[in-house]
Undergrad: 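Below you will find the structure I want to go over with you.
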Amino acid sequence: MTKELDALLKEKRIFNPSDDVVNNSNIKKWMDKREINTYEELLERARDQNWFWGEMAKELEWFRPWGDVLEWNLPHAKWFLGGKFNIVHNALDRHMKTSRKNKVAYIWEGECGEVKKITYLSLFQEVNKFANALKSLGIKKGDKVSIYLPMIPELPIAMLACAKIGAIHSVVFSGFSAKAFRQRVDDAEAKVAVTVDGFYRRGKAIPLKENADEALRGASSVKHLIVVKRAGNDIEMKEGRDVYWHELMEGQSATCETEIMDSEDMLFILYTSGTTGKPKGVVHVHGGYAVGTHATLRYVFDLKDDDVWWCAADAGWVTGHSYIVYAPLMLGVTSVMYEGGPNYPKPDRVWDMIDRHGVTVFYTAPTVIRMFMKYGDEWPKKHNLSSLRLLGSVGEPINPEAWIWYYKKIGKERCPIMDTWWQTETGGFILTPLPITPLKPGSVTRPFPSLEADVLNDDGESITGSGGYLVLKKPWPSMLRTLYKEPERYVKQYWSTFPGVYLTGDVARKDENGYFWLQGRSDDVLNVAGHRIGSAEVESALVSHPSVAEAAVVGKPDPIKGEVIQALVILKSDVKPSSELKGELRNHVGKEIGHIAKPSVIGFVKDLPKTRSGKIMRRVIKAKVKGEPVGDISTLANPEAVAGLDEMV
Ligand code: WTA
């Protein structure tokens with residue numbers, strides 16, 4: 001209790017970045033050039049979004065300059081109109097003319113400890129070779145390629161090779177099941193897919209090719225499956241369809257023309273979970289996405305030529321797309337890329353890596369920070385963390401206690417923490433401090449310059465001091481352009497609840513200084529260890545088991561993971577509840593959707609609270625699970641079901 005109070009009290013504290021941090025920051029230098037003196041003044045000047053983003057876009061190379069910065073036909077934005085551009089020209093090609101050519105782009109570390117250093121030149125050559133390989137399989141501008149790869153160098157290589165020739169990548173997180181992969185392959189109508197024989201996770205070789213085989217059985221769009229050899233496990237190569245990456249690369253030329261794209265041409269599709277229906281195919285484009293991610297990484301994480309940047313995410317999620325692959329390469333920095341588990345083989349793996357590789361800026365998720373907190377201070381203490389100068393957090397709200405721990409034990413009270421709020425849809429950071437921003441532990445502070453956010457109540461009125469719907473009031477360059485094949489859903493999902501503003505789906509509070517405090521999702525999307533999982537998907541997986549009649553899942557607060565999945569299951573009348581069955585159901589969900597979606601807790605119930613229209617009232621279940629009052633249940637069709645939840649077995 002004392003501990004909690006302590007953290008809550010500290011929540012009121014303000015941590016000012018040191019003069020040293022401020023004066024050496026990229027943003028301060030940018031402001032000095034334009035005679036902008038304070039953070040407040042910066043936010044004020046940047047309200048002129050055309051000016052601000054025009055300046056940011058000039059930091060990249062364009063084949064042909066843009067005309068207008070923005071065309072805004074709500075809710076459809078076009079940025080850098082008429083500009084000719086390719087993100088890969090900026091991420092790789094242009095460095096070949098400078099000393100960055102021989103600089104290390106990635107320090108890649110395998111889980112078993114092997115380290116590979118990949119220079120910009122060799123990355124450029126590998127990307128060119130793979131781009132030519134894709135062309136040899138008939139891939140051209142506008143074609144889709146599904147990539148199902150773990151954290152190995154071939155993942156960024158494959159993504160960049162697609163973008164280089166104007167093909168569109170759809171990366172599917174390697175932890176997803178065969179079924180989830182198939183659904184995404186079908187939706188994108190991918191002509192080529194890329195996977196691996198196997199990879200290492202917590203000391204085990206995970207046979208991903210088996211999943212891919214299962215997924216692609218009868219998938220008519222996929223003509224070729226390219227297989228990276230990594231774990232060396234036995235796999236079956238399907239005659240006529242499968243080809244090894246290394247064989248395909250043999251004899252390919254290390255030069256390849258970069259396709260000249262329009263700034264609004266599609267770069268990638270990345271699927272993200274929603275509450276209902278199938279995953280949403282978020283569409284990002286070359287120009288605006290590049291400008292947005294480049295600017296946010298440069299000015300928030302303050303990266304400079306001598307930095308070693310480690311974004312400890314998976315490139316299969318948007319965090320990795322933007323901040324492991326595209327933005328760091330555009331900035332020409334050295335990044336760490338890691339294959340395995342953060343606490344494998346011991347709880348100091350991450351601290352050891354920071355020490356060995358001299359990491360200067362480290363970006364991770366609250367769930368990871370809380371896990372390390374639980375292991376205890378002795379683990380980071382074993383290592384020299386003095387190379388660090390800035391820290392970051394993303395994926396879910398960071399509780400003040402974890403913030404303070406991270407700040408003290410890892411950053412040694414020297415390193416400001418950039419708690420960045422954003423989404424797959426936003427492409428890059430939206431609510432985030434800069435290195436000059438006074439910090440409040442647990443708050444993501446304020447919008448990135450030029451952006452505008454607000455908190456609205458049910459009537460759409462702006463509110464301060466209490467929780468409401470977090471909305472964004474202006475377009476931004478790295479915003480999603482649409483949902484793939486579902487333009488109406490784009491409008492309905494994000495732009496229809498309140499007129500003229502983007503609905504984030506999160507709830508937040510804005511304080512008297514205009515600082516934002518995130519409170520979670522307003523709908524039923526689960527957030528497990530920073531990953532968004534649709535409750536509907538988990539429920540449909542449970543119900544697809546022959547013993548299950550009905551199921552509801554809710555997030556249950558968890559001190560480590562932020563949220564774990566609790567499932568309430570109604571069994572078919574002839575089935576007896578048992579703990580074996582719980583195990584079986586968990587595995588079933590793992591197979592249907594993927595390991596991360598397995599419910600941590602399963603309870604068998606007789607009935608579920610429902611509205612008259614038959615919708616499960618998750619709000620009531622959630623309250624029960626948290627031990628809170630259930631509130632108004634007058635709209636329930638079966639109020640007796642609420643008491644029945646207490647008899648869960
Ligand atoms: C949550 C990940 C609080 C939020 C980049 C958002 C956060 C969802 C933060 C997007 C943060 C992300 N504080 N909550 N700093 N960052 N979230 O699409 O609910 O995987 O809507 O993108 O994660 O998850 P996504």
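Residue numbers count from 1 along this sequence. Everything numeric in this text was worked out from a predicted model, so none of it was measured. Start at 1 and go down the list; that is how both ligands and their atoms are numbered.
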Undergrad: Could you label the plane-to-plane angle of the F301 and F429 rings as parallel, tilted or perpendicular, counting under 30° as parallel and over 60° as perpendicular?
TA: perpendicular
Undergrad: Among residues at least two apart in sequence or on other chains, which ones pass side chain to side chain contact (heavy atoms under 4.5 Å, CB included) with A91?
TA: L160, L329, M330
Undergrad: Taking only Lys NZ, Arg NE, NH1 and NH2, and the carboxylate oxygens of Asp or Glu, determine whether E59 and R298 approach each other closer than 4.0 Å.
TA: yes
Undergrad: Drop me the distance from T504's OG1 to I430's CD1, to the nearest 0.5 angstrom.
TA: 10.0 Å
Undergrad: Heavy atoms under 4.0 Å from ligand 1: which residues qualify?
TA: V318, T319, V394, G395, E396, P397, D419, T420, W421, W422, Q423, T424, V444, D506, L518, R521, N527, R532
Undergrad: Identify the two heavy atoms, one from G590 and one from S177, that lie closest to each other, and give their separation to 0.1 Å.
TA: O-CB, 3.9 Å
Undergrad: Using atom types as modelled and distance alone, determine if a side-chain donor or acceptor of W79 lies under 3.5 Å from a backbone N or O of W476.
TA: yes
